[in-house]
Amino acid sequence: MSTPPGGQLARTTRTVVVRGAALAGWVGPDELASVLYRSGGTAVDPREDPRLARHLADRAERTVPLEHHDRSRTEHWNGWTAHGTDASAQVHKVYISPTLPCLPAALPVVFATAVALDVPSWKVGADAAGLHRPDKIVLYLPSAQRADAVAAALADALDGLEAQGVPFTGQVGATAMVSRGRDHGRTSWRAVLCRAVARALCDERAARGPDAPAAEVADAALGRLARTYDVAGWSPELRARVPA
């Protein structure tokens, strides 16, 4: 997996952490973790057609053969899963994060690549809020090696489209369009990271006082976490056991 040092997504994530440091002390770690997790989204325009998400998904799935896949719809997600897939084994994630204007061009490419590379399962945001969140498209695979290969293929195929980017994930390729994560103990890797960062920010704010600059608090918090997590590139790899 390629995670360029100082890449766009790493820079975006650092900005999120510094902003979180400014909130630490005003909110508790649980609330701060929620703020960090939701970072990177954009505001929904009330003028948008509420049928857009379904229209885009329907159009994309008509471009590829999906007779061997089950289709699911929930309030927030449209999903496609190959017959016989063990959902519990698909813990390695590939995030695709185009801006909303680029989504009509990106989505058919994602579907074609998913089918061509036998991706077991993927999902797309099913409502306006889902299309505006950064992690609007998620592919699930059973191994890091397969996820890395799919991510690399999609980074090449989507090159040139504008990226939104998913904070707290590991960038793949030259832009923030494609990134990697995983589930840990049935919990999203991003959620694990956001909880850890929020706790560290609150602890450092308490230790350094309310007047400490946000960047100083952020750097200290990330330094505290560096032995366990990749706090430079945010790749989904542990350096040590995740604390309970």
Side-chain angles (χ1 to χ4, degrees), residues 1-3 37 52-98 103-127 129-131 133-158 161 163-166 168-173 177-194 234-238 242:
M1 179 174 64
S2 174
T3 306
Y37 187 82
L52 178 62
R54 181 158 186 166
H55 167 72
L56 292 176
D58 289 347
R59 191 180 72 168
E61 69 178 354
R62 287 196 297 269
T63 65
V64 291
L66 291 171
E67 62 272 15
H68 300 300
H69 292 73
D70 298 316
R71 171 71 179 272
S72 63
R73 289 188 189 271
T74 66
E75 181 181 1
H76 300 298
W77 294 102
N78 290 313
W80 295 263
T81 302
H83 298 337
T85 296
D86 178 5
S88 65
Q90 315 307 314
V91 299
H92 296 271
K93 293 180 175 180
V94 176
Y95 295 99
I96 312 298
S97 187
L103 188 57
L107 207 52
V109 175
V110 172
F111 275 61
T113 303
V115 171
L117 298 183
D118 295 322
V119 174
S121 182
W122 68 93
K123 67 182 182 182
V124 180
D127 57 9
L131 297 187
R133 60 188 290 164
D135 53 342
K136 64 193 71 184
I137 306 170
V138 188
L139 290 74
Y140 294 86
L141 294 110
S143 71
Q145 292 76 15
R146 286 191 62 190
D148 289 346
V150 169
L154 283 165
D156 287 341
L158 297 169
L161 296 181
Q164 184 171 340
V166 185
F168 301 103
T169 61
Q171 181 173 316
V172 177
M177 176 67 73
V178 181
S179 57
R180 284 273 284 108
R182 63 165 295 163
D183 288 337
H184 178 80
R186 298 187 178 182
T187 301
S188 164
W189 180 248
R190 286 205 307 129
V192 170
L193 288 173
C194 289
W234 302 100
S235 64
E237 299 171 357
L238 285 175
V242 175

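Counting from 1, the numbers follow the sequence of the chain as shown.
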Work out which heavy atom in [X] is nearest to a heavy atom in [Y]; give both atom names and the distance.
{"X": "V64", "Y": "A112", "value": "CG1-CA, 3.6 Å"}
{"X": "P120", "Y": "P142", "value": "CG-CD, 4.0 Å"}
{"X": "V110", "Y": "L154", "value": "CA-CD2, 4.0 Å"}
{"X": "V150", "Y": "L141", "value": "CG2-CD2, 3.7 Å"}
{"X": "A191", "Y": "T187", "value": "CB-CG2, 3.9 Å"}
{"X": "L117", "Y": "A153", "value": "CD1-CB, 3.8 Å"}

Ignoring hydrogens and angles, tell me if any N or O in the side chain of [X] forms a donor-acceptor pair with the backbone of [Y] under 3.5 Å.
{"X": "Q164", "Y": "V166", "value": "no"}
{"X": "D127", "Y": "G130", "value": "yes"}
{"X": "R146", "Y": "D118", "value": "yes"}
{"X": "H83", "Y": "E67", "value": "yes"}
{"X": "S235", "Y": "G170", "value": "no"}
{"X": "K136", "Y": "P98", "value": "yes"}
{"X": "R180", "Y": "T169", "value": "no"}
{"X": "R71", "Y": "L66", "value": "no"}

Tell me, with the steps shown, if N78 and D58 meet side chain to side chain contact (heavy atoms under 4.5 Å, CB included).
CA-CA 10 Å; N78 290 313; D58 289 347; over 6 Å; no
Going through the checks in order, is the side chain to side chain contact (heavy atoms under 4.5 Å, CB included) test met by I96 and M177?
CA-CA 6 Å; I96 312 298; M177 176 67 73; 4.2 Å; yes
Rounded to the nearest 0.5 Å, how far does [atom2] of [Y] lie from [atom1] of [X]?
{"X": "D156", "Y": "T113", "atom1": "CG", "atom2": "OG1", "value": "10.0 Å"}
{"X": "I137", "Y": "S97", "atom1": "CD1", "atom2": "OG", "value": "8.0 Å"}
{"X": "Y140", "Y": "K93", "atom1": "OH", "atom2": "NZ", "value": "4.5 Å"}
{"X": "L131", "Y": "L103", "atom1": "CG", "atom2": "CG", "value": "6.0 Å"}

Starting from the C-alpha separation in whole Å, work towards a yes-or-no answer on side chain to side chain contact (heavy atoms under 4.5 Å, CB included) for D183 and S188.
CA-CA 4 Å; D183 288 337; S188 164; 4.3 Å; yes
Residue pair R59 / P104, side-chain heavy-atom distance below 4.5 Å:
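Yes, their side chains come closer than 4.5 Å.
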Parallel, tilted or perpendicular: which one describes the rings of W80 and W122, with boundaries at 30° and 60°?
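Rings of W80 and W122: parallel, under 30°.
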Do R190 and D135 meet the salt-bridge criterion of a basic N to acidic O distance under 4.0 Å?
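Judged by the 4.0 Å cut-off on N to carboxylate O distance, D135 and R190 do form a salt bridge.
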